[in-house]
Amino acid sequence: MRRRDFLYVSGIGLGASMLQSVPVIGRDIAMEEALIPVDTALKKRLADVALNAARSKGATYADVRIGRYLNQFLTTRENRVENISNTESYGMGIRVIANGSWGFASIDQLTEDNIARAAATAVQIAKVNSKLLTEPVKLASQRGYGEVSWKTPIEKNAFEIPIKEKTELLLAVNDAAMKGGANYINSSLFLVNEQKYFASTEGSYIDQDVHRLWPTFTVTKIDPKSGKFETRNSLSSPMGMGYEYLIPKKEEEIDGLFTIYKNRYNMLEDVTTATRHVDEKLRSKPVEAGKYDLVIDPTNLFLTIHESVGHPSELDRVLGYEANYAGTSFLTLDKWESKKFKFGSDIVNFEADKTQKGSLAAVGYDDEGVKCKNWDIIKDGILVNYQTIRDQAHILGLPESQGCCYADSWSSVQFQRMPNVSLKPGKAALSPADMIKNVEKGIYIFGRNSYSIDQQRYNFQFSGQLCFEIKDGKIGGLLKDVAYQANTQEFWNACSAICDEKDYRTGGSFFDGKGQPSQVSAVSHGCSTTLFKGVNVINTGRKI
Amino acid sequence: MSILSKEEAQALLKKVLSYSKADECEVNLNGSDAGNIRYARNSVSTSGGISQNTLVVSSAFGKKLGVATINEFDDESLKKVVQRAEETAMLAPENPEFVSFLGPQTYPASPTFVQSTANMGPKERADAVAASLQISKDNKLNAAGFLENNTSYAAMMNSKGLFAYNTSTGVSFNVTLRTEDGKGSGYATKSYNDFSKLDVKGATASAATKAASSASARALEPGKYTVILEPAAALVLLENLFFGMDGRQADEGRSFMSKPGGLTKLGEKLVDERVNIYSDPFHPELPTSTWSGDGRPQEKINWIENGVMKNLFYSRYWAQKKGIKATPAPDAVIMAGTDQSLEDLIKGTEKGILVTRLWYIRSVDPQTVLLTGLTRDGTFYIENGEIKFPVKNFRFNESPIIMLNNLEALGKPERTVSGESNTNALIPPMKIRDFTFSSLSDAV
């Protein structure tokens, strides 16, 4: 599902008829059937049919992914359930190298004849396209792992929780908002289960069971006199977890200006706070444009990290493979080769990690059979590495891939996607409250809102759900029409303090778009509350 | 699986309906065969062929609705999917907004299928890309591009006697050419139902010219400028206006169309009187399906006429509640223009900026439709009717409502495709005064 399609599906006012007008991504299923994975022996047999057929047609390398992708999507508004959808998509994607060129074909009718035909199509495409190659594909070496498996470490499978329990939670959330004086509330819960099987001619047969979920809401209140409306979105995070994320736990809460959440989320409490915030937003004063010190909470900063650190360090962008769509990158190879490119201030350290528990991008093995790991991208402010897959590793002189290959469906070809990229917490003890004490003129920002960045990742503009004024070390009222604009390198060099690990949280993007045809991926970004000195803030208020 | 004919689809849908025990049942069926080729660094990269089918069953008992889908079409699977939809309906809470399915409708045939596009295969795609790559290499440029074609069908039938069927083809091509030093970049995007209309060489050559002429751009101060937006740049702004024309959101007080007291701006003049925007499934340059996903006929509709907001789209439930016609959202929009070419607009400009593409458009304020984003792949300074020099890219903060009030001139509409949403539209190039650029970007 493309990002835009999801926004449409999850948008305000969704009805059954509207759902039918968006691309249908899978088939609905009775959940008890879907929870029993396709037999591994059958998958191995089907995979071998594909691998043998590809080899017999002249492929020098082949991999096959058999995927069953389950989604459950519950949407509600006010006192009613708008939609409950269980979808399943099952099929196979075959990728080959023939005459030094990539070829790919995918099918949803997995008979042996169809599989052989698809393998032949993939090889045919590779051979036809090889005439347009400047140099043959060069794969980093990768050993076969034999038959192995991996599963997201979940406590409660969210698909096994009765639908009634999930809709009751969402309706209770809506009820709390309406009782608090909201005009409208939309809430939803989105569950993902990727049951995927990978096999390659190098001898890997990898069975994985990946789980993710995202609870969210939007509270709306309208001022009857002016007709102005304000909204406040949930401060939840999409997670690579089971339903346990929705079971509140005191140890996972941080008391500050209001309660914020780490690896557990109290949706009922957050919606109550949100409804109060919407009232305050309607009464908030417009920001005066100018330079401010920004204290940015992880619920906002994760997205700035995603756009300004995660994307520019993707090696495919750096090399130009995304030049026609997602763009290229200012983090060119010469900057990496110099070993002294000052991406950020000395306290800025970013780590890529495909193994982080609870994160969206965590898997055991990537979608070309490489075991996942972690590595530094920015160390003490200096650019030290990128994100790579097997056909790129040689460009950096790496002996093996960093395991960043992903496809969003059996029907999509796998390519380089972002691992979790996170800002390491400060080493010295520092809480957000202590950080704010030293800020004379600043803004304290929570929650994701509007975000935009150029195609080489220099110039960005972000806004938040909540922007509190800071004056002489004290937090004041909410400001409206706030957006911060900066140049990536200047912004991260203006990073002057990072709270310690007690404040560390992850945020995530559930539908990050890239590639042609466009694919989505899910990725997390961890950080603690961080202070940036002297950032440009604009006022976005207009009259029409 | 191959594309099902009308008769094959009808027989399959009848079979599915024969298994239904629900009060009402509606079945949607669609499928596609698609192929694509992608290239970058003057060389082919990834490519593929994708074949997919989906059957969606909606079963209703009273106001309880269940939906189930499947992608296997043997008798057992078809029986199973109907049963699953019915079981889901039984478990679902009653939806007070459920509206009984539509009865029989009459749809004219959609002129959306072209055989030459359906005939495309790996070789046709590779040949087209080879021609594009040649232009890039001849001009010492670096090409990245994407060519995709698809053939699809859609059908629906329900227990009230409605049946609809359509086939469609599409081909889209887009390419970015960059100078070897990375200081210049140009883009072209084209999309048609008919492959024979696609001029890959012409589009690549246009991107090559922009790449070469945009190198070594100069920085201008951000601020308010007269701009000429090429159709691809105008569409990514205007589509946010179209997406926001939902009648229910307007009535509920949470859109740019809302007024205090539950009123809306429907019937009011919101933009310059030269603005006329409509949809028409039979437009020869942009044919679309004659029926929407829930079976409502798609007809020619005026959305904005002489600057006045004439129509909004509604769900069937909300239209019924309000006692008005349930107009569906359009598949594509058309904005009327003049006979002036882009060059004519440039000639008539004393000082201004030519914007060829806009990128990463996001809503900043839904109440004013304020959008932000950046120029990309060729931005030029115009003085005394001529392009003088390339300028560095800007970030803008602007609303299409304000922009269409600041309209200076319109050119001749052409079919273009949104780089943001993939939506096709017929949009003229347009000249706008006081367009707000808020900062500079170093990106090329």
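Only a predicted model underlies this, so the values are computations on that prediction, with no experimental measurement involved. Order of the sequence lines sets the chain letters (A, B, ...), proteins ahead of strands, with each chain counted from 1.
- A/D108 and B/N53 get closest at one heavy-atom pair: OD2-N, 3.2 Å.
- Between B/N397 and A/I538, some side-chain heavy-atom pair lies under the 4.5 Å cut-off.
- For A/K225, the part lying under 4.5 angstrom from a heavy atom of chain B is the backbone only.
- Counting heavy atoms from C-beta outward, A/S106 and B/Q52 have side chains that stay 4.5 Å or more apart.
- Results of the side-chain contact (heavy atoms from CB on, under 4.5 Å) test with A/P517 over B/N150, B/N422, B/N36 single out B/N36 as the only residue that passes.
- Most heavy-atom pairs under 4.5 Å with chain B: of the set A/G93, A/S411, A/S412, this distinction falls to A/S411.
- For the set B/A154, B/P122, B/G295, B/G261, the entry with the most heavy-atom pairs within less than 4.5 Å of chain A is B/P122.
- Contact of B/L177 with chain A is not made at all, since no heavy-atom distance falls under 4.5 Å.
- Contact check for B/T46 versus A/Y321: no side-chain heavy atoms found under the 4.5 Å cut-off.
- For A/A483, no part lies under 4.5 angstrom from a heavy atom of chain B.
- For the 3.5 Å distance criterion, the side chains of A/Q455 and B/D377 fail to qualify, holding no donor opposite an acceptor.
- For B/F146, the parts sitting under 4.5 Å from any heavy atom of chain A are the backbone and the side chain alike.
- At a threshold of 4.5 Å between non-hydrogen side-chain atoms, the residues A/R80 and B/P93 do not count as touching.
- The shortest heavy-atom contact between B/F256 and A/I544 is CB-CD1, 4.0 Å.
- Side-chain contact between A/S450 and B/R362: present, with at least one pair of heavy atoms (C-beta onward) separated by less than 4.5 Å.
- Remark: the A/S452 side chain and the B/R395 side chain contain an N/O donor-acceptor pair separated by less than 3.5 Å.
- By number of non-hydrogen pairs under 4.5 angstrom with chain A, the leading residue of B/G373, B/S438, B/S258 is B/S438.
- With contacts defined as side-chain heavy-atom distances shorter than 4.5 Å, the pair B/N95/A/V81 does not qualify.
- Contact annotation for B/Q367: both backbone and side-chain heavy atoms come within less than 4.5 Å of a heavy atom of chain A.
- In this structure, no portion of B/D127 lies under 4.5 Å from any heavy atom of chain A.
- A donor-acceptor distance shorter than 3.5 angstrom exists from the side chain of A/N324 to the backbone of B/N174, with no hydrogens or angles considered.
- Counting heavy atoms from C-beta outward, B/S45 and A/F415 have side chains that stay 4.5 Å or more apart.
- In this structure, a donor-acceptor pair under 3.5 Å is present between the side chains of B/S441 and A/D454.
- Between B/P260 and A/P224 the shortest heavy-atom distance is CB-O, 3.9 Å.
- Only the side chain of A/N487 comes within contact range of chain B, with heavy atoms under 4.5 Å apart.
- Contacts of B/I50 with chain A are made by both backbone and side-chain atoms, with heavy-atom separations under 4.5 Å.
- When only modelled atom types and interatomic distance are considered, A/Q461 and B/Y360 share no side-chain donor-acceptor pair under 3.5 Å.
- Contact record, A/L132 with B/A130: CD2-CB, 3.5 Å, taken as the closest heavy-atom pair.
- In this structure, B/E97 CD and A/N83 CG are separated by 12.0 Å, a value rounded to the nearest 0.5 Å.
- Using modelled atom types, no side-chain atom of B/W359 and backbone atom of A/Y325 make a donor-acceptor pair closer than 3.5 Å.
- In terms of modelled atom types and a separation under 3.5 Å, the side chain of A/Q456 and the main chain of B/V444 share a donor-acceptor contact.
- Under a 4.0 Å N-O distance rule, the pair B/R254/A/E230 does not qualify as a salt bridge.
- Taking A/L319, A/V128, A/I107 one by one and counting their heavy-atom pairs under 4.5 Å with chain B, the maximum is reached by A/L319.
- A heavy-atom distance below 4.5 Å is not found between the side chains of A/T134 and B/R41.
- Of all the heavy atoms in A/A323 and B/A144, the pair that sits closest is CB-CB, 3.8 Å.
- Between the CZ atom of A/F462 and the OG1 atom of B/T372 there is a distance of 11.0 Å, given to the nearest 0.5 Å.
- Contact detail for A/Q485 and B/S439: the closest heavy-atom pair is OE1-OG, 3.1 Å.
- Atom NZ of B/K123 has 12 or fewer neighbouring heavy atoms from other residues, nucleotides or ligands inside a 6.0 Å radius.
- Contacts of B/S255 with chain A are made by backbone atoms alone, with heavy-atom separations under 4.5 Å and no side-chain atom involved.
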Open item on the list: Working note: B/D442 + A/N459, criterion side-chain contact (heavy atoms from CB on, under 4.5 Å); need CA distance, chi angles, decisive distance, verdict.
Closed with: CA-CA 7 Å; B/D442 290 327; A/N459 173 309; over 6 Å; no
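- Here the straight-line distance linking atom CD of B/E398 with atom CZ of A/R542 works out to 6.5 Å at 0.5 Å rounding.
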Task: Criterion side chain to side chain donor-acceptor pair (under 3.5 Å) on A/E135 and B/S43, from CA distance to verdict - done: CA-CA 8 Å; A/E135 54 180 333; B/S43 181; over 6 Å; no
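- From B/S51, atom OG reaches atom CZ of A/R117 across 10.0 Å, with rounding to the nearest 0.5 Å.
- Heavy-atom pairs under 4.5 Å with chain B were tallied for A/V137, A/I453, A/I222; the largest tally goes to A/I453.
- With 3.5 Å as the limit, one finds no donor-acceptor pair spanning the side chains of A/T540 and B/D365.
- A distance of 8.0 Å separates CD in B/Q249 from CZ in A/F229, rounded to the nearest 0.5 Å.
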